[in-house]
Amino acid sequence: MYNMKKVGMRGVFVIRIEDDFDLEKIADSGQCFRWQRDGDGFRIPFRDSLLFIRKVGPQDYEVDCTEEEFDSIWRPYFDLVRSYRAIRGKIKKKDDPVLFEAAKLGQGIRILKQDPWEMLITFIISQRKNIPAIRQAVEAVCRAAGKKKTAKDGTEWYMFPSAEEIASLSDEALASCRLGYRDKYVRAAAEAALRGEIDFRKLSALSHEDCLVELQKLYGVGIKVAQCVSLFGLHHLDAFPRDVWILRVLDEVYDGGKNYRFDAYAPYNGVMQQYLFEYYRNKNAREVSV
DNA sequence: AGCCAGGCTTTCT
DNA sequence: AGAAAGCCTGGC
């Protein structure tokens with residue numbers, strides 16, 4: 001899938017990625033809310049690691065970690081063992097011209113393998129918020145409850161807080177994150193995790209459908225949030241979150257969803273959802289701004 | 001049982 | 001002012 005070559009500096013090397021991979025599109029795709037633009041690259045927090053990555057050639061990316069760290073942490077995170085070009089190739093223009101166009105514009109999007117706990121809290125917070133507001137709220141929770149870290153180059157950042165750390169916040173401290181009515185959902189999820197009522201090690205052994213049932217037992221978690229956690233946190237690539245944009249495109253293009261061919265794209269409907277989401281959101285944004 | 005309206009906090013455009 | 005990657009509650 002990719003070749004690697006060192007460029008000399010300690011803990012810095014260049015990786016070649018010969019598949020769909022577009023940092024800008026992934027950053028804007030609404031699946032990750034903590035990526036930070038930094039110069040011509042991105043700083044990406046994940047568990048207790050922080051990666052700086054920037055594009056240095058058509059398929060070449062400089063990363064500030066060791067090869068071992070890239071292989072063990074970041075290759076799975078970016079899902080580089082899978083070919084998204086091949087998934088995109090399943091879409092035929094004659095079968096579905098809208099999805100074909102969406103996938104062409106969305107080429108480079110991947111489904112990241114993110115931390116399921118972080119995804120649960122993040123998508124609880126996302127309810128009725130736009131993306132900039134989600135970023136702000138998630139970062140506030142990290143600052144309030146997460147461990148402070150200092151990267152090799154001195155950059156300070158905060159880990160996403162554990163269930164224990166969130167549960168131990170006072171009402172005042174949680175309220176200062178300004179989550180609005182969602183703060184009681186966040187606290188309930190943290191307390192459920194402490195009681196063992198939600199355990200992602202057990203959840204990862206279940207089918208996508210069983211995951212949805214388990215996740216929806218949590219207060220404040222409905223079908224939309226459950227699908228997002230399943231797709232972005234548990235990497236069930238057939239999960240198909242229906243947000244307002246997807247409901248809109250299913251209604252307007254696929255006759256309420258009847259004409260969208262889920263069977264044809266299984267088990268990758270979640271990838272298709274990302275193409276449709278980006279395409280329709282950007283299309284609408286352009287129309288509004290004109 | 002299953003559907004639907006109303007309400008909810010805050011931020012961004 | 002209206003919309004924003006929704007969900008809960010109560011009433012039919």
Side-chain angles (χ1 to χ4, degrees), chain A residues 25-35 102 106 109-112 114-144 169 171-192 198 208 211-252 256-257 260 269-290:
Chain A
K25 288 180 189 170
I26 296 169
D28 290 338
S29 66
Q31 59 177 306
C32 49
F33 300 93
R34 298 199 66 205
W35 288 27
I109 294 174
R110 310 179 73 81
I111 307 295
L112 302 172
Q114 301 185 78
D115 180 77
W117 167 251
E118 178 174 342
M119 292 300 98
L120 173 62
I121 299 301
T122 295
F123 282 98
I124 287 174
I125 290 172
S126 78
Q127 299 179 31
R128 285 178 55 99
K129 279 183 180 292
N130 52 30
I131 289 175
I134 298 167
R135 287 188 211 284
Q136 177 171 312
V138 169
E139 210 56 38
V141 171
C142 293
R143 285 177 177 276
L169 284 175
D171 286 340
E172 293 73 22
L174 188 57
S176 75
C177 298
R178 313 195 72 75
L179 305 182
Y181 64 91
R182 307 167 193 80
D183 59 5
K184 58 184 180 291
Y185 302 157
V186 169
R187 185 177 293 287
E191 290 172 352
I198 188 80
H208 168 54
C211 276
L212 297 181
V213 172
E214 287 303 308
L215 288 165
Q216 286 179 92
K217 290 177 181 173
L218 296 169
Y219 182 52
V221 176
I223 185 61
K224 160 63 173 57
V225 170
Q227 294 265 12
C228 285
V229 175
S230 187
L231 179 58
F232 302 125
L234 296 161
H235 211 66
H236 289 145
L237 295 184
D238 215 27
F240 194 86
R242 293 168 193 244
D243 56 73
V244 291
W245 296 108
I246 291 297
L247 290 174
R248 221 168 275 172
V249 73
L250 287 176
D251 187 42
E252 293 175 12
Y260 176 79
N269 281 297
V271 181
M272 306 311 171
Q273 190 269 6
Q274 283 287 281
Y275 293 142
L276 287 173
F277 172 74
E278 266 305 280
Y279 174 72
Y280 225 63
R281 192 167 65 96
N282 288 332
K283 181 168 176 286
N284 186 281
R286 282 196 300 277
E287 286 169 357
V288 166
S289 67
V290 166

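This is a predicted model, so every value here is computed, not measured. Chain A is the first sequence line, chain B the second, and so forth, proteins listed ahead of strands; every chain is numbered from 1.
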* **Assigned glycosidic conformation for B/dA5 [threshold 90° from 0]** => anti
* Measure from the side-chain N and O atoms of A/Asp183 to the backbone N and O of A/Leu179, and report whether any donor-acceptor pair falls under 3.5 Å. => no
* Structure fact -> When rounded to whole Å, the OH to C1' distance for the pair A/Tyr280 and C/dA4 reads 17 Å
* **Partners passing side-chain contact (heavy atoms from CB on, under 4.5 Å) against A/Gln127 (at least two apart in sequence or in another chain)** => A/Ile124, A/Tyr181, A/Arg182, A/Tyr185, A/Val225
* Can you give the dot-bracket line for DNA chain C, where a pair is Watson-Crick or G-U wobble with both atom distances under 3.5 Å, crossing pairs use [ ], and | marks a partner on another strand? -> ||||.|||||||
* When you measure from the side chain of A/Gln31 to the backbone N and O of A/Arg110, does any donor-acceptor pair fall under 3.5 Å? -> yes
* Asked: Do A/Arg281 and A/Ile131 come close enough that some side-chain heavy atom pair is under 4.5 Å?
  -> yes
* Asked: Quick check: does any side chain N or O of A/Glu139 sit under 3.5 Å from a backbone N or O of A/Arg135, one acting as donor and the other as acceptor?
  -> no
* Could you state the CG-C1' distance from A/Asp243 to C/dA3, rounded to the nearest angstrom? -> 14 Å
* Answer with base, sugar-phosphate or nothing: what part of the nucleic acid does A/Ser29 contact at a heavy-atom distance below 4.0 Å? => base
* To do: With heavy atoms under 4.0 Å as the rule, sort A/Glu278 into base, sugar-phosphate or nothing.
  => nothing
Output one line per pair: protein atom, nucleotide atom from nucleotides 9-12 of chain C, and distance, for all N/O pairs under 3.5 Å.
none

* To do: Let me know the distance between CG of A/Asp28 and P of C/dA5, rounded to the nearest Å.
  => 13 Å
* Starting from C1' on C/dA4, measure out to CZ on A/Arg135 and report it in whole angstrom. => 14 Å
* Asked: Can you name the residues that form a salt bridge (charged side-chain N to carboxylate O under 4.0 Å, His left out) with A/Lys184, not counting sequence neighbours?
  -> none
* Asked: Which parts of nucleotides 7-13 of chain B does protein reach within less than 4.0 Å, heavy atoms only, written one letter per nucleotide 5' to 3' as B for base, S for sugar-phosphate only and - for none?
  -> -BBSSS-
* Name the residue closer to the 5' end of DNA chain C, choosing between A/Leu218 and A/Ser126 according to the nucleotide with the nearest heavy atom. => A/Ser126
* A/Tyr260 side chain near A/Val249 side chain, heavy-atom distance below 4.5 Å -> no
* To do: To the nearest Å, give me how far apart CZ (A/Arg248) and C1' (C/dA5) are.
  => 11 Å
* Asked: Heavy atoms under 4.0 Å, any strand shown: does A/Gln274 hit a base, just sugar-phosphate, or nothing?
  -> base
* Determine the Euclidean distance between corresponding P atoms of B/dT9 and C/dG10; express it in Å to zero decimal places. => 15 Å
* To do: Write down the distance between CZ (A/Arg242) and P (C/dC7), rounded to a whole number of angstrom.
  => 13 Å
* For B/dG7 versus C/dA5, give the span between their P atoms, rounded off to a whole number of Å. => 22 Å
* Asked: Is a side-chain donor or acceptor of A/Gln273 paired with a backbone partner of A/Pro241 at a separation under 3.5 angstrom?
  -> yes
Might you list the N or O atoms of the protein lying below 3.5 Å from N or O atoms in nucleotides 1-5 of chain B, with each pair's distance?
none

* Asked: Would you say A/His208 and A/Gln227 make side-chain contact, with heavy atoms under 4.5 Å?
  -> yes
